[in-house]
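Just below is one structure, and these are the notes that go with it.
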Amino acid sequence: MDYLDLAKVYEQLESTTKRIEKTKIIADFLKECPPKEIEKVVLLLQGLVFPKYEDKKIGIASKLVVKALNTATGIPADEIERNWKKTGDLGETAHDIVKRKRQHTLFSSDLTCDKVYATIRKLADIEGTGSTDLKLKMIAELLTSAKSSEAKYITRLLLEDLRIGLGEGTLRDAIAWGYYEKMNSVNIAAENESIFFGKDTELAKIRDKIQEAYDITNDYAEIAKIVFAQGLEKLGELELDPLKPVKVMLAQKVKNTAEAFERVGKPAALEYKYDGFRMLIGKQGESITIHTRRLENVTAQFPEVAKLVKANVHCHSCIIDGEAVGYDPQTKKYVPFQNISQRIKRKYDIEEVAKDVPVELNIFDILYYDGKSTINVPFNERRKIIEKIITTKAFHINLAVQITTDDEKKANAFYQQSLNAGNEGIMFKTLTAPYKPGSRVGYMIKMKPVMETLDLVIVGGEWGEGKRSGWISSFVLAVYDPDTDEFLEIGKFGTGVKEKSEEGTSFDELTTLLKPHIKNEKGREIIIKPHVVVEIAFEEIQKSPSYSSGYALRFPRLVRVRDDRKPDSCSTLGQVEDMYREQ
Ligand code: AMP
């Protein structure tokens with residue numbers, strides 16, 4: 001397929017903000033797409049050349065793209081930079097620059113999706129001496145063959161910032177819709193979508209099957225390939241792979257035990273809520289993989305965990321779910337999440353930090369056991385499996401402390417007991433419930449004493465003055481809208497950030513984290529690409545016309561940087577609306 005066809009789809013997607021129109025555009029495109037190209041095309045639609053779970057970066061700097069544009073068009077780099085300052089988007093600039101050039105020359109060749117995809121995948125693997133020159137040559141070659149709209153999206157793809165506003169839910173619905181139309185040889189107008197996606201319709205059932213498959217594989221490209229080439233039924237044959245990441249089940253929140261029992265039913269399993277970070281550990285014979293809830297592969301960072309699991313989890317294959325909590329090896333006291341979060345990204349001296357900040361595993365669930373998925377096994381049965389196969393070892397590997405009760409008094413006492421032991425609160429779990437990867441379905445409820453918090457993304461800020469000059473001193477917060485794939489502003493904060501890093505997260509640290517993502521600056525004001533997620537505490541949510549989300553936070557203050565969360569898994573507009581209503 002010509003890359004130009006895909007570029008046209010990107011353009012159409014960019015020209016509307018309506019989710020339903022976007023869905024229809026993609027549905028129409030997919031149903032015409034040759035099945036053998038679908039996998040690639042669906043990745044490219046998401047601005048990817050590797051499935052998300054591979055956690056592989058393309059890693060091309062903007063400067064290199066400017067140089068490549070210069071090589072491809074002969075237009076001087078400073079002129080390109082000037083245009084870029086004006087547009088604020090190098091993709092837009094590539095479009096302008098190539099268009100200007102093309103008025104005078106003929107194209108050398110037609111670009112195919114294959115060519116773009118293969119070249120960019122190759123770029124990610126080039127390392128060592130001379131690699132920059134080789135990358136420059138390859139990018140320039142792509143851009144030389146590109147028409148202006150192609151240049152725009154190739155540039156954005158290279159910079160891993162496609163900006164076509166395509167959320168995961170839209171892609172899922174589009175695969176369902178395209179498949180339905182193709183199978184039934186019909187064409188549903190966008191306006192009629194609600195009829196077809198209504199409860200219990202055939203289309204809604206297809207969508208749910210696709211979602212289920214996605215929860216297992218995390219890969220719409222693979223799913224679309226199976227659906228369009230082999231049919232929907234084949235999705236049922238997809239199995240969990242113990243060594244690949246799975247989305248974890250998420251918890252809903254309640255204020256008291258009465259509300260918790262109401263949601264999960266009586267009796268329920270109650271567990272300590274440990275304050276560390278989620279670890280999903282896969283075992284297949286002697287191979288172990290460890291993933292975070294963001295699906296990052298952290299196997300290399302936690303060699304001691306891999307050893308522990310090999311020695312103490314007795315099965316041939318499994319996927320276990322738990323919380324890793326750091327502790328001080330001298331005092332044996334739990335340490336705050338920040339202290340272990342540094343281990344997640346650590347690339348060197350791994351064994352030493354493992355000694356300084358060891359982690360204790362608290363296992364609470366199992367998704368796969370000896371060749372079979374256990375996600376549809378009731379929770380109390382899954383617990384029995386982990387009790388059977390895990391040898392516990394204090395400060396190394398434990399099962400989450402658990403009681404089963406239907407009594408509010410006992411639940412409250414257990415809550416106090418958990419807090420006294422240094423934990424965050426407790427969890428309530430439905431005894432008979434399946435494990436729902438990626439969902440916040442209410443089979444798992446958390447109760448903790450802190451005031452309300454949201455996980456928000458920093459999208460802007462202001463440079464400080466006086467003793468804070470050189471630091472970003474005020475930060476603009478945004479919430480994610482999965483329907484439009486947009487980040488909507490919801491407030492500003494400066495409170496909670498410390499002057500010195502020993503006291504907590506400092507201005508200096510936040511500035512260092514944010515600097516590489518600065519998109520634009522005007523005077524003291526800066527616009528920042530959504531990358532850094534922070535947990536923000538606040539007093540209240542108010543309606544507000546001043547922010548694009550329509551809401552504002554009263555007295556927001558920083559609790560911590562959530563480097564375990566990606567921007568698109570931060571709090572959603574829907575959650576903010578729910579919280580507002582609950583107040
Ligand atoms: P939150 O991060 O506030 O949404 O709370 C949910 C998180 O609590 C989960 O994602 C786990 O990382 C963590 N957690 C700690 N203890 C447990 C437990 N016993 N069961 C389930 N999740 C737990």
Side-chain angles (χ1 to χ4, degrees), residues 245-255 260 263-264 268-281 290-296 298 305 319-327 334 336-338 340-341 344 359-367 375 379-380 382-383 386-387 390 392 397-404 411 414-415 417-419 421-431 433-456 533-537 559-566 569-572 575 578-579:
V246 192
K247 279 199 179 154
V248 297
M249 179 157 71
L250 301 168
Q252 291 181 355
K253 197 165 168 180
V254 292
K255 293 205 183 66
R263 299 243 194 122
V264 297
L270 276 58
E271 292 175 356
Y272 281 3
K273 182 179 192 309
Y274 301 92
D275 185 13
F277 72 98
R278 194 90 174 248
M279 248 187 200
L280 213 63
I281 307 164
I290 308 170
H291 288 94
T292 67
R293 61 184 277 174
R294 285 177 50 170
L295 314 183
E296 289 163 313
V298 290
V305 171
I319 304 174
I320 49 176
D321 189 2
E323 187 88 350
V325 192
Y327 64 91
Y334 286 156
F337 169 77
Q338 278 90 332
I340 43 166
S341 68
I344 297 176
V359 294
E360 172 195 77
L361 280 182
N362 295 285
I363 303 300
F364 49 75
D365 219 325
I366 184 159
L367 289 74
I375 57 177
F379 176 63
N380 54 351
R382 299 202 302 275
R383 170 80 187 195
I386 50 179
E387 284 172 0
I390 297 177
T392 58
I397 182 165
N398 294 319
L399 296 179
V401 173
Q402 192 195 66
I403 60 164
T404 302
F414 186 67
Y415 179 58
Q417 179 190 322
S418 179
L419 292 179
N423 301 304
E424 257 198 312
I426 52 171
M427 308 294 294
F428 289 75
K429 299 182 178 181
T430 308
L431 290 171
Y435 190 102
K436 285 274 177 205
S439 303
R440 218 179 271 282
V441 274
Y443 298 148
M444 186 164 116
I445 301 286
K446 59 188 171 189
M447 187 171 111
K448 50 181 183 176
V450 291
M451 57 182 308
E452 299 281 23
T453 66
L454 283 167
D455 293 326
L456 300 169
V533 179
V534 284
E535 185 176 344
I536 297 289
V559 180
R560 58 173 163 153
V561 175
R562 294 224 46 169
D563 35 17
D564 59 328
R565 288 218 167 177
K566 280 190 183 153
S569 63
C570 78
S571 303
T572 59
Q575 278 167 272
D578 286 348
M579 276 182 164

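In each ligand, atom 1 is the first atom listed, and ligand 1 is the first ligand listed.
With D455 as the partner, the salt bridge (Lys or Arg N to Asp or Glu O under 4.0 Å) test is satisfied by one option alone out of R560, R293, R562: R562.
Among residues two or more places apart in sequence or in another chain, the side-chain contact (heavy atoms from CB on, under 4.5 Å) test is passed with V254 by E259, A260, R263, I445, M447. Every residue two or more places apart in sequence or in another chain was checked for a side-chain hydrogen bond (donor to acceptor under 3.5 Å, both in side chains) with R440, and none qualifies. The side-chain contact (heavy atoms from CB on, under 4.5 Å) check on L399 picks up I363, R383, I386, E387, I390, T392, with sequence neighbours excluded.
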What does the N/O contact table under 3.5 Å look like for ligand 1?
{"from": "ligand 1", "atom 1": "3 (O)", "to": "K446", "atom 2": "NZ", "distance (Å)": "3.0"}
{"from": "ligand 1", "atom 1": "3 (O)", "to": "K448", "atom 2": "NZ", "distance (Å)": "3.1"}
{"from": "ligand 1", "atom 1": "4 (O)", "to": "K446", "atom 2": "NZ", "distance (Å)": "2.4"}
{"from": "ligand 1", "atom 1": "5 (O)", "to": "K273", "atom 2": "NZ", "distance (Å)": "3.1"}
{"from": "ligand 1", "atom 1": "8 (O)", "to": "K273", "atom 2": "NZ", "distance (Å)": "3.1"}
{"from": "ligand 1", "atom 1": "10 (O)", "to": "R278", "atom 2": "NH1", "distance (Å)": "2.8"}
{"from": "ligand 1", "atom 1": "10 (O)", "to": "R293", "atom 2": "NH1", "distance (Å)": "3.4"}
{"from": "ligand 1", "atom 1": "12 (O)", "to": "E323", "atom 2": "OE1", "distance (Å)": "2.3"}
{"from": "ligand 1", "atom 1": "16 (N)", "to": "Y274", "atom 2": "N", "distance (Å)": "3.0"}
{"from": "ligand 1", "atom 1": "19 (N)", "to": "E271", "atom 2": "OE1", "distance (Å)": "2.9"}
{"from": "ligand 1", "atom 1": "19 (N)", "to": "Y272", "atom 2": "O", "distance (Å)": "2.9"}
{"from": "ligand 1", "atom 1": "20 (N)", "to": "K429", "atom 2": "NZ", "distance (Å)": "2.8"}

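A side-chain donor-acceptor contact under 3.5 Å links E296 and T292.
In this structure, V401 and F414 have side chains that are in contact, with non-hydrogen atoms separated by less than 4.5 Å.
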